Amino acid sequence: QVQVVESGGGLVQPGGSLRLSCKAPGTTLDYYAVAWFRQVSGKERERVSCISSHPGKTSYADSVRGRFTISRDIAQNTIYLQMNSLKPEDTAVYYCAVNGGSDYFECREEWYQYEYRGQGTQVTVSS
């Protein structure tokens, strides 16, 4: 079983920045497509961004494109989500998900398509 652990959430003012981290101890994340999802209570979970395995093609939701950047640090075996120009509507629980299926190298749209998923980290954007 692959354990996925997110960190880096917190409280930030509008216009501020946060960097989320996703780790999976004992697993080489470079092999897999990894996505960030977010969910606001009472709403559906939304895929924010994804990075495929080599060569690391990235994709973003329209709501975050130009403000968020997903990246892979192979040496640290970590996936980052750099979030800039944060808005109150970015407030949500953010989840990291790893595609452990037979198409492990590709990004998928839906939460259920990712076999390994973290418990989430809260991001609150408020003044």
Side-chain angles (χ1 to χ4, degrees):
Q1 184 68 20
V2 175
Q3 181 185 17
V4 178
V5 182
E6 307 96 337
S7 62
L11 173 64
V12 64
Q13 292 187 341
S17 298
L18 281 174
R19 188 178 75 165
L20 305 183
S21 299
C22 173
K23 292 181 180 287
T27 298
T28 303
L29 284 178
D30 190 40
Y31 294 158
Y32 302 97
V34 179
W36 285 97
F37 288 80
R38 67 184 180 186
Q39 186 171 31
V40 177
S41 180
K43 295 188 177 181
E44 290 190 1
R45 194 175 273 114
E46 170 192 26
R47 199 189 82 172
V48 173
S49 184
C50 188
I51 185 165
S52 67
S53 62
H54 182 78
K57 182 179 178 180
T58 59
S59 57
Y60 299 93
D62 289 342
S63 57
V64 307
R65 186 174 291 111
R67 299 188 297 122
F68 290 13
T69 302
I70 191 169
S71 62
R72 186 190 298 274
D73 186 327
I74 296 174
Q76 296 296 322
N77 196 29
T78 302
I79 305 297
Y80 296 106
L81 184 68
Q82 178 68 44
M83 305 186 297
N84 299 329
S85 302
L86 282 162
K87 306 175 182 180
E89 52 264 42
D90 294 317
T91 295
V93 179
Y94 284 71
Y95 299 88
C96 180
V98 179
N99 182 3
S102 58
D103 60 348
Y104 57 88
F105 46 90
E106 294 186 357
C107 288
R108 289 291 177 249
E109 283 294 326
E110 303 297 335
W111 174 251
Y112 72 88
Q113 294 175 306
Y114 290 81
E115 184 170 356
Y116 308 120
R117 297 170 282 189
Q119 295 300 306
T121 184
Q122 176 70 47
V123 171
T124 302
V125 185
S126 175
S127 55

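Since the model is a prediction, treat every value here as computed from it, not as a measurement. Each residue takes its place number in the sequence, starting with 1.
Among pairs with a residue in residues 33-52, those fulfilling ring pair (Phe, Tyr, Trp, His ring centres under 6.0 Å) read Phe37-Trp111, Phe37-Tyr114, at least two apart in sequence or across chains. Each salt bridge (charged side-chain N to carboxylate O under 4.0 Å, His left out) pair with one or both residues in residues 59-69, not counting sequence neighbours, appears once here: Asp62-Arg65, Arg67-Asp90.
Residues Glu46 and Val64 fail the side-chain proximity criterion, which asks for heavy atoms closer than 4.5 Å.
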List the atom pairs, with distances to 0.1 Å, where a side-chain N or O of residues 14-34 and a protein N or O form a donor-acceptor pair under 3.5 Å, not counting sequence neighbours.
| from | atom 1 | to | atom 2 | distance (Å) |
| --- | --- | --- | --- | --- |
| Ser17 | OG | Asn84 | OD1 | 2.9 |
| Lys23 | NZ | Thr78 | OG1 | 2.7 |

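With sequence neighbours excluded, the residues satisfying side chain to side chain donor-acceptor pair (under 3.5 Å) with Arg45 are Gln39. Among residues two or more places apart in sequence or in another chain, the ring pair (Phe, Tyr, Trp, His ring centres under 6.0 Å) test is passed with Tyr94 by none. Contacts of Ser126 classified as side chain to side chain contact (heavy atoms under 4.5 Å, CB included), with partners at least two apart in sequence or in another chain: Leu11, Thr124.
Hydrophobic cluster membership differs between Val123 and Tyr80, with clusters built from Ile, Leu, Val, Met, Phe, Trp and Tyr side chains linked at under 4.5 angstrom.
With respect to the salt-bridge test (charged N to carboxylate O, under 4.0 angstrom), the residues Arg108 and Glu110 do not qualify.
For the pair Asp73 (side chain) and Gln76 (backbone), a donor-acceptor distance under 3.5 Å is present. A donor-acceptor pair is defined here as one N or O able to donate and one able to accept, closer than 3.5 Å; such a pair exists between the side chain of Glu6 and the backbone of Cys96. In this structure, Arg72 contributes its side chain and Ser52 its backbone to a donor-acceptor pair below 3.5 Å.
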